Amino acid sequence: MLILPPNYKPLLGIKETERAIKALKDFFELNLATELNLSRVTAPLFVQGGTGINDDLNGIERPVSIPVKSVSGVRAEIVQSLAKWKRMQLEALGFTPGYGLYADMNAIRPDEVLDNTHSLYVDQWDWERVITPAERSPEFLRKIVRKIYTMLKRTEHFVCEHYHGIRPELPEEITIVHAEELLRRYPGLNPKERENALLKECRAAFIIGIGGALSDGTIHDGRAPDYDDWSTRTAEGWQGLNGDIFVWDSVINMALELSSMGIRVDKEALLRQLEIREATDRKNLLWHQKLLEDKMPGWIGGGIGQARLCMYYLRKAHVGEIQASLWPEEMIEECRRHNIRLL
């Protein structure tokens, strides 16, 4: 659903916005690498289809697929995210625990429903870091989440220092809550309504357990079975070692997801989640076989949306004010009438 804030007026013009996007991205990327001990690697635009390397996100999205003239019988798939590809790179490049990589990823997701925060074109920092078996825990997950939130706070300070019409809005601490706790707190609301209720109150939160079954038989949101670990039972009595980072977007008055991340599947979690999703045929794919044969390290990682990050910090009403993409004509016209200029 398209949200049109009343009396909306961008704080920055188009040229100033373009300069701010570059400065903001450079600042955040440097801090991401420094805070999490990450080295930059070059991201692929496409991977070979039929190998299991590409991600299907919630398990239903179709990747854009193209034939390769010079390689008979091969189709290339434009990436949807790099969760599996990154793990292969960690092994290939010999990263050790405590260190990892990040890539500047560009993807196409043709099944997205287009609105203020969703585009066909996705640009994000995809990052991954090697962990030890002892770090497969909720405590370590929270530690990394708080590191990322420190970067978010630091970036907000950078933006507010350079653009005086923008005021800080992030709280000092990020609230960390499990999806099951959220269900119990707001039993009469659907997942999106729960997110909005929580974020309107706390303004920044990490919701754990995205993809795993809740006590009422539902899931908070979809996750594919073969990258995030959403099924492992923890000593705290919860299920899942993954989650999403949200902030409260005061321009469009809704919870805005900035990052999906978590501890990734090990061999046991992969087998369990393939059974749950009735996708055991994937065990025969190249990527899955490498994991099942213990040829890849343990890892934690995620994606941080670049356009959404800029949309939030620069107080924009639509992601199309940040990135050039394809939009329905009626959306372009409606936005123009409400002072929202889509690129």
Side-chain angles (χ1 to χ4, degrees), residues 21-22 24-49 51-59 61-66 76-93 95 99-112 114 117-130 144 148 151-152 155 210 223-224 226-228 242-245 256-264 287 296 299-313 319-320 322-326 343:
I21 290 170
K22 177 68 165 61
L24 198 164
K25 286 187 176 183
D26 288 348
F27 182 87
F28 189 85
E29 185 173 319
L30 176 61
N31 277 269
L32 176 68
T34 303
E35 193 74 34
L36 296 183
N37 297 329
L38 306 176
S39 299
R40 186 189 181 280
V41 298
T42 301
L45 179 60
F46 41 77
V47 294
Q48 183 174 334
T51 60
I53 296 174
N54 203 0
D55 291 318
D56 55 0
L57 307 172
N58 294 326
E61 288 85 351
R62 304 165 302 153
V64 175
S65 179
I66 55 176
E77 292 180 356
I78 295 179
V79 298
Q80 298 199 108
S81 89
L82 296 173
K84 301 191 191 80
W85 177 85
K86 289 178 295 181
R87 191 167 189 179
M88 295 179 72
Q89 292 302 301
L90 288 177
E91 187 274 331
L93 298 176
F95 284 96
Y99 297 88
L101 56 82
Y102 77 94
D104 190 350
M105 186 208 76
N106 294 280
I108 298 176
R109 296 179 183 174
D111 287 339
E112 289 284 17
L114 306 183
T117 63
H118 293 88
S119 170
L120 298 176
Y121 168 54
V122 178
D123 53 344
Q124 66 182 32
W125 291 286
D126 252 324
W127 66 274
E128 219 74 23
R129 174 171 146 166
V130 179
I144 297 299
I148 294 174
M151 289 183 274
L152 294 176
T155 304
I210 307 291
R223 283 294 181 276
D226 45 12
Y227 55 99
D228 277 354
N242 72 318
D244 291 344
I245 295 176
L256 180 67
E257 179 193 328
L258 294 182
S259 177
S260 173
M261 59 165 288
I263 294 171
R264 310 304 201 181
W287 186 90
M296 288 187 284
W299 56 342
I300 185 172
I304 301 172
Q306 296 183 17
R308 285 194 186 178
L309 201 74
C310 294
M311 174 186 168
Y312 172 73
Y313 284 125
V319 71
I322 299 296
Q323 57 161 230
S325 187
L326 184 65
L343 301 179

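None of these values were measured; they are calculated from a predicted model.
With a 4.5 Å cut-off on side-chain heavy atoms, Met296 and Gln89 do not count as touching. Residues Leu152 and Leu309 are in side-chain contact: their nearest non-hydrogen atoms beyond the backbone lie under 4.5 Å apart. By the 4.5 Å heavy-atom criterion applied to side chains, Leu24 and Thr155 are counted as neighbours. Looking only at side-chain heavy atoms (C-beta outward), Glu257 and Ile245 stay at 4.5 Å or farther from each other. At a threshold of 4.5 Å between non-hydrogen side-chain atoms, the residues Ile210 and Asn242 count as touching. Using a 4.5 Å heavy-atom threshold, the side chains of Leu256 and Arg308 count as touching. Counting only heavy atoms from C-beta outward, the side chains of Val41 and Lys86 never approach each other to under 4.5 Å. At least one side-chain heavy atom of Asp123 sits under 4.5 Å from a side-chain heavy atom of Lys25.
The number of heavy atoms from other shown groups lying within 6.0 Å of CZ (Phe46) does not exceed 12. Atom CZ of Phe27 has more than 12 heavy atoms from other residues, nucleotides or ligands within 6.0 Å.
Looking only at atom types and distance, the side chain of Gln124 has a donor-acceptor partner in the side chain of Asp126 under 3.5 Å away. In this model, no donor atom of one side chain and acceptor atom of the other lie less than 3.5 Å apart for Glu128 and Tyr102. No hydrogens or angles considered: a donor-acceptor pair under 3.5 Å links the side chains of Gln323 and Ser119.
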message: Could you go through Val79 and Val47, starting from their C-alpha distance and side-chain angles, then the distance that decides it, and tell me whether this counts as side-chain contact (heavy atoms from CB on, under 4.5 Å)?
response: CA-CA 7 Å; Val79 298; Val47 294; 4.0 Å; yes
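For residues 32-46, the set of pairs meeting the side-chain hydrogen bond (donor to acceptor under 3.5 Å, both in side chains) definition, not counting sequence neighbours, comprises Glu35-Arg154.
Rounded to the nearest 0.5 Å, atoms CG (Leu101) and CH2 (Trp127) are 10.5 Å apart. Rounding to the nearest 0.5 Å gives a distance of 15.0 Å between CH2 of Trp299 and CZ of Arg129. Rounding to the nearest 0.5 Å places CZ of Arg264 at 10.0 Å from CG of Leu90. Rounding to the nearest 0.5 angstrom, the gap separating the CG atom in Leu120 from the CD atom in Glu112 is 8.0 Å. Here the straight-line distance linking atom CG of Leu114 with atom CG of Leu326 works out to 7.5 Å at 0.5 Å rounding. Leu38 contributes atom CG, which lies 8.5 Å from atom CZ of Phe95 (distance to the nearest 0.5 angstrom).
The nearest pair of heavy atoms linking Ile300 to Gly262 is CG1-O, 3.3 Å. A pairwise comparison of heavy atoms in Asp228 and Met261 identifies OD2-O, 3.8 Å as the closest pair. Looking at every heavy atom in both residues, Ile148 comes nearest to Ile304 through CG2-CD1, 4.5 Å.
When atom types are taken as modelled, the side chain of Trp125 and the backbone of Gln306 share no donor-acceptor pair closer than 3.5 angstrom.
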